[in-house]
Structures are given as structure tokens and as C-alpha cells.
Enquirer: 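A single structure is presented below for examination.
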Amino acid sequence: ITVSNYSSYIQALEQRRAFFKSMGATATDHAALTAYTEVLSDTEAEEIFQRALIGGASAKDATRFTGHMLIEMARMSNEDGLVMQLHVGSFRNHNQVIMDNHGRDMGADIPIQSEFTKNLKPLLERYGNADDLTLVLFNLDETTYSRELAPLAGHYPILRLGPPWWFFDSWMGMHRFLDAVVETAGIYNTAGFNDDTRAYPSIPTRHDVWRRVAADWLARQVVRGFIDDEDAGEMVRSLAYDLAKQTY
């Protein structure tokens, strides 16, 4: 369809989602600098959209519209059943020399400090208790794991915590993640381990590392007497396989 205003823009997105779902897709993936969300009226959204069409949108417009669209994507997922994934916290193309000489996405992407409790509240006020929505959160600020993400996922039914991402997709990063979130959120409010890498040969290795970390982490809890062998066996299968299947 021809996209000429905010309404047709939304219609086009809904149409594409329906097509991908008809082809077997089960999830959407959204990247944003922050987890900021804001509800705009249709009039406000239209005004920003029209400014953008003529190249007149400001940085504030972009922030507000992005925040509004995250809520719109949650609405669409609540209606069509596609799992919503949100990756935040990467300052892209940080090295201007690399950007000027070689173009975008050449490796100069640096994590930033993130905030979720206040930023996600407008979205969660609308859809946090929805029956037909799953929102998986991925984050590059480890300080939020136990302070914000684990309590949020432990409370809101729609939320799942995605596995350690990018810089923390590592042996130590995975251990820190489990140490930080499981005590509050439990393992069943996580999405286990999924994969969105474009480096396809790395997929088996990444899953193998996650399985080994999960087994090692749970073995430590058995040795400490926190869980028994039977529960650990069920939990390691969940972390390696069942949770991802259930989430998606």
C-alpha cells in the first residue's frame, strides 16, 4: 500500500506482520537505544509523521515516536500473537572516523547505561497484564539485571528475560546473568537461550557454551544444598531447551 500518513504506516506494518506470520514467523525483533515508551495521541503521531516525511522531525520527535511505536508493536503482538523482542542499550557507530571511512555497523557499537522501570511503565500500564502477549527483554547494562529486570519479570506476566546478549554472550557473562536474575525472577521468567546471530557457524558453539554454563551454575547450587539432583536435572533441560520452546 502507499504510505502517506500515520494510519497507512500502521496498516502497512500490520500487513507485513500478517505475511510473515503466514510464512511461519513466531516473533518480531525491535532495536532501540533505550527502553523509553510514551503514548501519543493519533493527532500527535500524525504530526510527527508528517514532519518526518519532509525531513523536519527533531531528535525529540524521534525519541517520542520510537517510544510510541514500541507500545504500538506491543499492541500488534497482543493481537496477532507474535512474540515481541526488544534489544536496547547499544550506542551504534560510536567511532566517527570508522563511520566516515567505512560506513555503518563496522564494529564501533558501545553499551550505554539503561533504565527500564520508568521507561517501560507506559507500555506495561497498557499491556503488562495481557493474556496474549510475551515481551522478551535484551539488555547491555548488567547493572539493571538484579535491580530492575529481575523484579519486573518476576511481577509482570508478559515479561521474559532474554539471555545475555552481545558483549555478555560469554562464559563469565552468562554466569553473572544467572547469579543476578535467578534469585529474584527464577529461571522460569527467562527465555532460556535463543539465537539471533548472523554468524551462522557460531550457532552450535554459542548454544553449547550456554548449556555448559547452565549445567555448571546448577551444579554449584546442588553442591551448596540449594537444590537437589532431580530439580537440577529438570532445570538444566528447561534452560537448554524447554524455556525457549515455551517462549516462542
Side-chain angles (χ1 to χ4, degrees), residues 27-36 70 83-95 98 104-117 119-120 134-154 156 159-221 235-248:
T28 66
D29 195 4
H30 310 275
L33 183 61
T34 74
Y36 176 80
L70 289 177
V83 173
M84 180 177 176
Q85 302 174 109
L86 177 58
H87 289 76
V88 304
S90 177
F91 189 120
R92 309 273 180 170
N93 308 301
H94 192 278
N95 189 330
I98 298 296
R104 299 172 54 85
D105 301 324
M106 298 304 293
D109 303 328
I110 309 297
I112 64 167
Q113 183 178 354
S114 299
E115 198 281 336
F116 289 86
T117 303
N119 278 338
L120 276 183
T134 298
L135 172 56
V136 185
L137 299 176
F138 297 81
N139 170 47
L140 290 180
D141 181 357
E142 290 185 293
T143 68
T144 66
Y145 283 167
S146 59
R147 185 181 66 246
E148 298 184 62
L149 291 179
L152 284 168
Y156 284 98
L159 293 182
R160 296 291 183 273
L161 302 183
W165 169 47
W166 205 339
F167 294 90
F168 311 119
D169 180 13
S170 64
W171 179 270
M172 290 186 288
M174 292 172 181
H175 268 286
R176 293 196 299 270
F177 172 81
L178 292 168
D179 282 339
V181 306
V182 170
E183 186 172 57
T184 298
I187 70 169
Y188 296 104
N189 286 311
T190 73
F193 193 78
N194 67 355
D195 209 299
D196 67 350
T197 181
R198 289 163 287 182
Y200 295 128
S202 74
I203 291 175
T205 301
R206 297 177 67 240
H207 283 262
D208 185 59
V209 172
W210 172 261
R211 289 192 294 268
R212 289 172 183 271
V213 169
D216 181 72
W217 189 86
L218 288 167
R220 295 184 187 192
Q221 312 317 311
M235 293 167 77
V236 76
R237 176 189 164 88
S238 292
L239 285 167
Y241 182 75
D242 293 332
L243 286 167
K245 293 286 285 188
Q246 292 163 9
T247 298
Y248 294 97

Enquirer: Not counting sequence neighbours, which residues clear side chain to side chain donor-acceptor pair (under 3.5 Å) with R211? List them please.
Expert: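 Testing R211 for side chain to side chain donor-acceptor pair (under 3.5 Å), a comparison that skips the adjacent residues, returns none.
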Enquirer: Decide side-chain contact (heavy atoms from CB on, under 4.5 Å) for Y156 and L135; before the verdict, give the C-alpha distance in whole Å, the side-chain angles of both, and the deciding distance to 0.1 Å.
Expert: CA-CA 10 Å; Y156 284 98; L135 172 56; over 6 Å; no
Enquirer: So, do D216 and W171 sit near enough that their side-chain heavy atoms are less than 4.5 Å apart?
Expert: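 Result yes, sub-4.5 Å side-chain heavy-atom pair found.
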Enquirer: Please report the shortest heavy-atom distance between D109 and S90, naming the atom on each side.
Expert: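 In terms of heavy atoms, the two residues are closest at CB-OG, 3.5 Å.
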Enquirer: Locate the shortest heavy-atom distance separating L86 from A32; write the atom from each residue and the value.
Expert: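 The pair with the smallest heavy-atom distance is CD1-CB, 4.5 Å.
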Enquirer: Tell me, do L149 and V181 make a side-chain contact under 4.5 Å, heavy atoms counted?
Expert: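 No, too far: nothing below the 4.5 Å cut-off.
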Enquirer: Check whether any side-chain heavy atom of H175 lies under 4.5 Å from a side-chain heavy atom of F168, and answer yes or no.
Expert: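 H175 vs F168: side chains apart.
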Enquirer: Report yes or no: does Q221 contribute a side-chain atom to a donor-acceptor pair with the main-chain N or O of W217 at less than 3.5 Å?
Expert: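 Flag set: sc Q221 to bb W217 pair under 3.5 Å.
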Enquirer: Heavy-atom distance under 4.5 Å between the side chains of N139 and Y145, does that happen here?
Expert: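 Yes, close enough: below the 4.5 Å cut-off.
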Enquirer: More than 12 non-hydrogen atoms from neighbouring residues, nucleotides or ligands closer than 6.0 Å to OH on Y241, yes or no?
Expert: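 No, because the 6.0 Å sphere around OH of Y241 holds 12 heavy atoms or fewer from other groups.
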Enquirer: Taking all heavy atoms of A31 and all of R92, pick out the closest pair and write down the distance.
Expert: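 Closest approach of A31 to R92, heavy atoms only: CB-NH2, 4.4 Å.
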Enquirer: For M174 and P164, which heavy atoms make the closest approach, and how far apart are they?
Expert: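 Of all heavy-atom pairs spanning M174 and P164, the closest is CA-CG, 3.8 Å.
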Enquirer: Testing the 3.5 Å rule here: is there a donor-acceptor pair between the side chains of Q85 and N194?
Expert: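 Result is yes, a qualifying pair exists.
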Enquirer: May I have the step-by-step check of side-chain contact (heavy atoms from CB on, under 4.5 Å) for V136 and Y248, ending in yes or no?
Expert: CA-CA 10 Å; V136 185; Y248 294 97; 4.1 Å; yes
Enquirer: Mind checking whether Y188 and S238 have side chains closer than 4.5 Å, heavy atoms only?
Expert: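 Side chain of Y188 against side chain of S238, heavy atoms only: contact under 4.5 Å found.
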Enquirer: Just verifying a value: how many Å separate H207 NE2 and T197 OG1, rounded to the nearest 0.5 Å?
Expert: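 Rounded to the nearest 0.5 Å, the NE2-OG1 separation comes to 9.5 Å.
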Enquirer: Strictly by modelled atom types, are W210 and D169 linked by a side-chain donor-acceptor pair under 3.5 Å?
Expert: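 Note: W210 and D169 side chains miss the donor-acceptor criterion.
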Enquirer: Would you say that L239 contacts L218 through its side chain, given a criterion of any heavy-atom pair below 4.5 Å between the two side chains?
Expert: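 The answer is yes, as the side chains (C-beta and beyond) meet within the 4.5 Å cut-off.
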Enquirer: Rounded to the nearest 0.5 Å, what separates atom CG in L178 from atom CG in L161?
Expert: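 Taking CG in L178 and CG in L161, the distance rounds to 10.5 Å.
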Enquirer: Below 4.0 angstrom, N of the basic side chain to O of the carboxylate: do R212 and D208 qualify?
Expert: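 D208 and R212: salt-bridged.
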Enquirer: To the nearest 0.5 Å, tell me how far S146 OG sits from R176 CZ.
Expert: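 If I round to the nearest 0.5 Å, the distance is 12.5 Å.
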Enquirer: At their closest point, which heavy atom of T190 faces which heavy atom of R160, and how far apart are they?
Expert: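 In terms of heavy atoms, the two residues are closest at O-CD, 3.9 Å.
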Enquirer: Is the backbone of E115 close enough, under 3.5 Å, to the side chain of Q113 for a donor and an acceptor to pair up by distance?
Expert: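 Flag not set: sc Q113 to bb E115 has no pair under 3.5 Å.
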Enquirer: Indicate the atoms forming the closest heavy-atom contact of S114 with V88, along with that distance.
Expert: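 The pair with the smallest heavy-atom distance is OG-CG2, 4.5 Å.
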Enquirer: How far does CE of M106 sit from CD1 of I98, to the nearest 0.5 angstrom?
Expert: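 Answer for the CE-CD1 pair, M106 versus I98, is 8.0 Å.
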Enquirer: Can you tell me how far apart OG1 (T117) and CZ (R147) are? Round to the nearest 0.5 Å.
Expert: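 T117 OG1 to R147 CZ: 7.5 Å, rounded to 0.5 Å.
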Enquirer: May I have the step-by-step check of side-chain contact (heavy atoms from CB on, under 4.5 Å) for L70 and Y36, ending in yes or no?
Expert: CA-CA 9 Å; L70 289 177; Y36 176 80; over 6 Å; no
Enquirer: Using side-chain contact (heavy atoms from CB on, under 4.5 Å), reason through L159 and N189 one step at a time and then give a plain yes or no.
Expert: CA-CA 7 Å; L159 293 182; N189 286 311; over 6 Å; no
Enquirer: Looking at L152, is its backbone amide N or carbonyl O close enough to the side chain of E148 to form a donor-acceptor pair, meaning the two atoms are under 3.5 Å apart?
Expert: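 No; zero donor-acceptor contacts below 3.5 Å.
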